[in-house]
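Each ligand, and each atom within it, is numbered from 1 in the order the structure gives.
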Amino acid sequence: MSGTYILGIESSCDETAAAVVRSGEKLISNVVFSQIAAHQPYGGVVPELASREHLKAIVPVVRKALADAEQSYQSIDSLAVTQGPGLAGALLVGITYAKALAFALDKPLIAVNHLEGHIHAVLLEERQKENREIRFPVLALVVSGGHTHLYLAEERAAGWSYKNIGHTRDDAAGEAFDKVAKLLGLGYPGGPIIDKLSTHGDSTAVKFPAAQLKHRDRKDTAEAGSEPRFDFSYSGIKTSVLRYVEVHGMQPSIDARRNALAAMIANQQKPKPEDYLRLCDAKALNLVASFQRAIVEDLAAKTLAAASACDVATLFVTGGVAANNELRQHFEQAAAMQGLPVYFPSRPLATDNAAMIAAAAYPKFLAGDFAAQGFSAEAGMKL
Ligand code: KG4
Ligand code: ZN
């Protein structure tokens with residue numbers, strides 16, 4: 001088969017992933033090894049543990065990605081790896097391995113920004129569906145455990161260009177899901193379980209005050225000037241949930257739930273959605289549903305306000321939180337009212353994966369934009 005075969009490697013957080021993508025438009029293989037089980041007992045990602053787990057998984061994960069793609073180390077055209085942002089130690093595992101492999105195979109290596117990867121997850125799948133209708137400029141909301149960013153994205157002759165027009169001032173939206181789940185005794189990661197439980201609660205039961213962002217972010221650079229910004233803030237809602245828990249005396253039932261789930265995990269029994277449901281009373285379900293509704297409405301309102309202020313032609317919503325059912329429905333309805341097409345990645349490509357890294361690398365491959373030999377991890381890398 002002709003085309004350019006790129007082997008992508010991703011290790012920025014708690015997923016060790018490798019994938020083969022042909023010419024940025026066809027997913028050939030996609031292997032994701034999740035470390036959730038290793039981190040679950042700690043209620044969040046432990047950086048040192050993440051590096052150790054990546055070290056254990058990287059060789060078999062890459063081998064499987066090549067085998068699934070019926071490719072060999074020699075037959076691929078190029079390698080691509082996540083340079084940042086992410087956990088420094090975790091990133092280094094992927095980078096060191098990719099560098100060694102590229103050197104041994106004498107193949108070019110491309111360094112990719114993880115956030116650019118999330119945007120290209122959408123492009124990859126739309127190209128695969130032969131959708132040639134995407135119009136520019138695109139406004140991309142990248143919403144995950146570590147990030148909540150709005151980018152204006154355009155394809156130019158020199159490659160892709162991105163302009164950040166909004167970010168979270170404090171917690172990322174996925175981080176809020178994870179922290180709220182933790183404080184309600186629902187374990188880690190919070191997004192998928194809150195997504196499932198929310199359909200059983202009344203989302204109008206608890207009212208959360210909207211985050212007020214009166215001043216510009218002091219971290220904004222001077223060149224950002226006076227252009228409008230569309231920033232987010234999600235640490236306040238977490239505090240509101242905590243206060244609600246205290247005021248309504250929910251702590252004993254939370255402790256009981258946390259202990260019951262921990263006992264199941266200790267017995268190697270993976271809790272199922274019905275177990276979580278059985279362990280939640282109506283008050284907890286209403287709180288969870290109201291929390292999710294508030295986050296989804298805030299994300300959509302700000303993103304759509306930005307879309308109309310910037311007169312964009314298309315909306316992308318991507319990153320782990322884009323897997324959320326209510327978020328997808330809400331964005332679809334809100335975007336339709338504005339006459340704006342909205343695209344999401346499929347759920348497997350919404351959360352971290354390496355296919356998005358291989359896809360984002362393809363335009364760089366065409367442009368000969370290869371990584372310098374001395375490049376290293378950039379934990380706080382910007383897009
Ligand atoms: O993109 P991702 O895999 O990693 C980062 O780059 O951060 O996103 C992980 C985040 C976690 O915070 C997780 O709770 C959230 O995405 N998430 C969800 C859902 N699935 C994953 N949040 C809401 N609803 C979901 N269904
Ligand atoms: Zn991510």
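- Atom 2 (P) of ligand 1 has its closest protein heavy atom at D352 OD1, 3.3 Å.
- Using a 3.5 Å distance cut-off with no hydrogens or angles, the side chains of D171 and S235 do not pair a donor with an acceptor.
- Looking at E246 and R243, no side-chain N of the basic residue comes within less than 4.0 Å of a carboxylate O on the acidic one, giving no salt bridge.
- Ligand-side atoms of ligand 1 in range of G146: 7 (O), range being under 4.0 angstrom from any heavy atom.
- Those atoms of ligand 1 with a heavy atom of H114 less than 4.0 angstrom away are 6 (O).
- Under the 4.5 Å side-chain heavy-atom criterion for ILVMFWY residues, a single connected hydrophobic cluster contains both L139 and F232.
- Between D195, I36, D178, N325, it is D195 that holds the heavy atom closest to atom 26 (N) of ligand 1.
- In this structure, a donor-acceptor pair under 3.5 Å is present between the side chains of E10 and H114.
- Closest to atom 24 (N) of ligand 1 among all protein heavy atoms lies N324 ND2, 3.0 Å.
- The closest protein non-hydrogen atom to atom 18 (C) of ligand 1 is G191 CA, 3.4 Å.
- Counting protein heavy atoms only, atom 10 (C) of ligand 1 is closest to G145 N, 3.3 Å.
- No side-chain donor-acceptor contact under 3.5 Å links E53 and S51.
- Side-chain N/O atoms of E25 and Q128 include no donor and acceptor closer than 3.5 Å.
- Judged by the shortest distance from any of its heavy atoms, P192 lies inside the 4.0 Å radius around the atoms of ligand 1.
- E175 and K179 are joined by a salt bridge, as a carboxylate oxygen and a charged side-chain nitrogen come within less than 4.0 angstrom of each other.
- Under the 3.5 Å distance criterion, the side-chain polar atoms of R257 are matched with a main-chain donor or acceptor of L184.
- Two rings, from F136 and W160, have their centers less than 6.0 Å apart.
- Counting only heavy atoms of the protein, atom 17 (N) of ligand 1 lies nearest to G320 O, 3.5 Å.
- A side-chain donor-acceptor contact under 3.5 Å links E126 and N131.
- The Zn ion (ligand 2) has H114 NE2, H118 NE2, D352 OD1 as protein N, O or S atoms under 2.8 Å away.
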If you apply the rule salt bridge (Lys or Arg N to Asp or Glu O under 4.0 Å), what do you find for E116 with K364, and how did you get there? CA-CA 12 Å; E116 182 175 20; K364 298 183 200 296; 3.0 Å; yes
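- For atom 5 (C) of ligand 1, the nearest non-hydrogen atom from the set S144, A172, G174 comes from S144.
- In the vicinity of H118, heavy-atom distances shorter than 4.0 Å reach the ligand 1 atoms 1 (O), 6 (O).
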